[in-house]
Each structure stands twice: as structure tokens, then as C-alpha cells.
Amino acid sequence: MDIARIISSSFKYPFRNIKKLPILFVLFILIAIIPIGKLLNNDYLVILGVIAFFTFILVVPGYLLSIVKVGSKGSSILPSFNLINNIYDSIRVLLLRVGYMIVPAVAFLIVLSTLGPASIDFLVNFQIHSFLATVGFILLIILITYIVFEILLFFAKARLAYFNSLSEALKIHKVIKDIRNIGIFNIIKWIIVMLILVTVISFVASFVMTIPYAGFLIYVCIVIPIIESIANYSLGLLYSNIAENDDDLHRFEREIELLKYEN
């Protein structure tokens, strides 16, 4: 599937599932309860909001992962809500993030421990230019490392959704291979187009925020869920070509093994 078709299909996706969209809207209401409680100065509502916020963290990442899986399988149906499966998937998404953030965290500690003391010495001795250069270099290394692993994590999530296996998603060399198969240029095009379109939608939709009280709820509980469904489904579609190639490869390998067995 080419990038234009992926983008087009992704933006049509939520509106093909109008009947199921309220599932997403209700889930995102969970993060709006705390602000509502603060606005109404209601402590009980704030406490309920805290519980709802943790429920959101436990459920929504897993549900969004199921949207990625739907896209990777080439389906256009919004998945049904399943509390147990969604919580299980949310935990796996969290573990995946922890796994992929280990390297950036280690890089941060190494760079900070090696260059941190030098930067402090520069500051103490009023060597401002050297201090700024060192701090800038530290931030640059950390930022580059973080961005690289955030991109890897993005496609690892797609791999987790397709193979339904955390161990598969943690295989960085396989994720890198997936990225190469998609093509760096295709990924850059996809990111740029998605960012532009999502930004435009967000900007236009932000005008509803001018509506007192209701505007905030509309934006958080309707606009953001629609954007999230578009983004996650789009990721699944982007991965679907690799998934199809993997299926073909696995079928070919099985046929080879069967021929060997028959001979």
C-alpha cells in the first residue's frame, strides 16, 4: 500500500466506525474528570478523577494497540472493548517502553557522569562559552539517542501488535529490519504528511475550545480520540506490507521444510 492510500484510508477509518466511536469517547472521558473536578472545586470528583486517570493508563494504551493490530491485518473495523485484554496489552506496551528507554537512560547517565563534572568546572571558573558548549553537546547526544529509540519503539509497537509477542517486539535488529523494509524515505514522507494533516485538524478543532466548558470536553473526548485512532491505524497500515511479506516468507519456509521432509 502506498503512502497516499495509507493516509487516505487512515483519515476515513474513524468515520467508517461511527457506531463504535463512542467506545473511544467514553475512554477519553476518564482523563477529563480531574480538570472537571478542579473546575467545580469538588474534591470527591477529583479523587474519582485520579482513579479514572489510572484506569485510563491501564486500559487505553492496550486498546490503541488493538487498533494498530487491526490496521496491520488490513481490516477497517474499530476493535471492540475488552477490559482484560486491553489491560494486558497496556502492561505489555508499558514494558516495551521501559525496554526501549533503557539505552537512552544509560546514555544519559554515562554522558552526565563523564561530562557533567567538566561542565560544572567551566561554570565555576566562569568559562561560559565552554560551559554552554558542553551542556549543548550533552543535550544533543541525549536528544539524538532518545529520538532514535523513540522511533524504534514506534515500530516495535507495530511488531508487538502484529505478532502479539512482546519478545518479538523487543528484538531491535528485527525492528531495524522492518524499518529498512518500509524504507526511510517512505517513513519520512508518512511522518511529514501525518504531522501536517493532524496539525491542521488540531488547529481547526481547537476553535471548539472557545466554547465555555463544553469546548474542553469536546476537544479531549472527541477530537483527541479521533486523532489517536487515525494515527494508530495509520501505523498498522504502514506495517501491513511488511506483515504480508513476512507471511509469504513464512509460507515459503514451511513449503521448503515440507519438501525436505518428503524427500
Side-chain angles (χ1 to χ4, degrees), residues 1-25 27-28 59-82 85-86 88-90 92-94 96-97 100 150-166 168-171 174-199 201-202 222-250:
M1 185 179 291
D2 60 54
I3 300 300
R5 285 183 61 193
I6 287 173
I7 300 297
S8 174
S9 298
S10 300
F11 276 82
K12 292 175 184 175
Y13 174 68
F15 307 104
R16 288 173 176 166
N17 296 274
I18 293 293
K19 291 182 179 179
K20 282 191 174 182
L21 267 181
I23 296 173
L24 263 178
F25 299 158
L27 288 176
F28 275 78
V59 173
V60 172
Y63 184 78
L64 294 178
L65 182 71
S66 65
I67 293 178
V68 179
K69 185 171 186 176
V70 164
S72 70
K73 300 291 186 181
S75 174
S76 59
I77 298 173
L78 195 69
S80 300
F81 176 74
N82 185 307
N85 288 343
N86 293 152
Y88 174 64
D89 284 339
S90 293
R92 291 198 296 172
V93 170
L94 174 62
L96 188 66
R97 172 163 287 279
Y100 273 81
E150 191 68 34
I151 292 171
L152 290 173
L153 174 62
F154 201 63
F155 289 96
K157 180 181 173 182
R159 192 171 181 83
L160 169 61
Y162 182 76
F163 288 101
N164 197 30
S165 168
L166 183 59
E168 276 292 329
L170 287 169
K171 295 175 181 177
K174 292 282 186 71
V175 175
I176 293 172
K177 184 181 177 183
D178 289 344
I179 291 171
R180 286 175 178 169
N181 288 338
I182 295 172
I184 300 296
F185 183 65
N186 286 331
I187 291 173
I188 292 172
K189 280 198 303 182
W190 175 72
I191 289 173
I192 291 173
V193 175
M194 284 295 294
L195 280 176
I196 291 172
L197 292 176
V198 167
T199 301
I201 290 173
S202 300
I222 297 178
V223 177
I224 292 179
I226 287 175
I227 291 174
E228 283 289 342
S229 67
I230 290 170
N232 283 276
Y233 184 68
S234 183
L235 173 61
L237 287 181
L238 189 67
Y239 193 82
S240 64
N241 289 335
I242 291 177
E244 289 170 4
N245 291 338
D246 277 347
D247 285 343
D248 292 339
L249 178 60
H250 291 156

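Computed from heavy atoms alone, side chains included, the values below leave out hydrogens, waters and symmetry copies. Here the structure is a predicted model, which means the values were calculated and not measured.
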Donor-acceptor pair, distance only, cut-off 3.5 Å: does the side chain of [X] make one with the backbone of [Y]?
| X | Y | value |
| --- | --- | --- |
| Asp89 | Leu65 | no |
| Ser72 | Lys69 | yes |
| Arg92 | Asn164 | yes |
| Ser8 | Arg5 | no |
| Arg159 | Glu168 | yes |

Any heavy-atom pair between the side chains of [Y] and [X] that's under 4.5 Å?
| X | Y | result |
| --- | --- | --- |
| Glu228 | Ile67 | no |
| Ser202 | Ile227 | yes |
| Leu153 | Leu96 | yes |
| Ile6 | Ser10 | yes |
| Leu152 | Ile179 | yes |
| Phe185 | Ile3 | no |
| Lys20 | Ile77 | yes |
| Phe81 | Ile23 | yes |

Reported [atom1]-to-[atom2] distance for the pair [X] and [Y], which is rounded to 0.5 angstrom:
| X | Y | atom1 | atom2 | value |
| --- | --- | --- | --- | --- |
| Ile151 | Ile187 | CD1 | CD1 | 8.0 Å |
| Ile230 | Ile7 | CD1 | CD1 | 10.0 Å |
| Leu170 | Leu160 | CG | CG | 8.5 Å |
| Phe28 | Ile222 | CZ | CD1 | 12.5 Å |
| Asn17 | Ser229 | CG | OG | 8.5 Å |
| Ile176 | Lys171 | CD1 | NZ | 14.0 Å |

Intermediate values then yes/no, side chain to side chain contact (heavy atoms under 4.5 Å, CB included), Leu237 and Ser9: CA-CA 9 Å; Leu237 287 181; Ser9 298; 3.7 Å; yes
Are Phe154 and Trp190 an aromatic pair by the rule of ring centers under 6.0 Å?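 Under 6.0 Å, so yes.
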Among all residues two or more places apart in sequence or in another chain, which pass the ring pair (Phe, Tyr, Trp, His ring centres under 6.0 Å) test with Tyr63?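 Counting only residues at least two positions away or on another chain, Tyr63 forms no ring pair (Phe, Tyr, Trp, His ring centres under 6.0 Å).
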Quick check on Arg180: does its CZ atom have over 12 non-hydrogen neighbours (other residues, nucleotides or ligands) under 6.0 Å away?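 No, the 6.0 Å shell around CZ holds no more than 12 heavy atoms from other groups.
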Lys174: partners by salt bridge (Lys or Arg N to Asp or Glu O under 4.0 Å), with sequence neighbours left out: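 With sequence neighbours excluded, Lys174 shows a salt bridge (Lys or Arg N to Asp or Glu O under 4.0 Å) to no residue whatsoever.
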Identify the two heavy atoms, one from Val60 and one from Ser90, that lie closest to each other, and give their separation to 0.1 Å.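 Nearest pair, atom of Val60 first, then Ser90: N-OG, 4.2 Å.
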Quick one: sort the Tyr233 and Tyr13 rings into parallel, tilted or perpendicular, breaks at 30° and 60°.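 Plane angle under 30°, so parallel.
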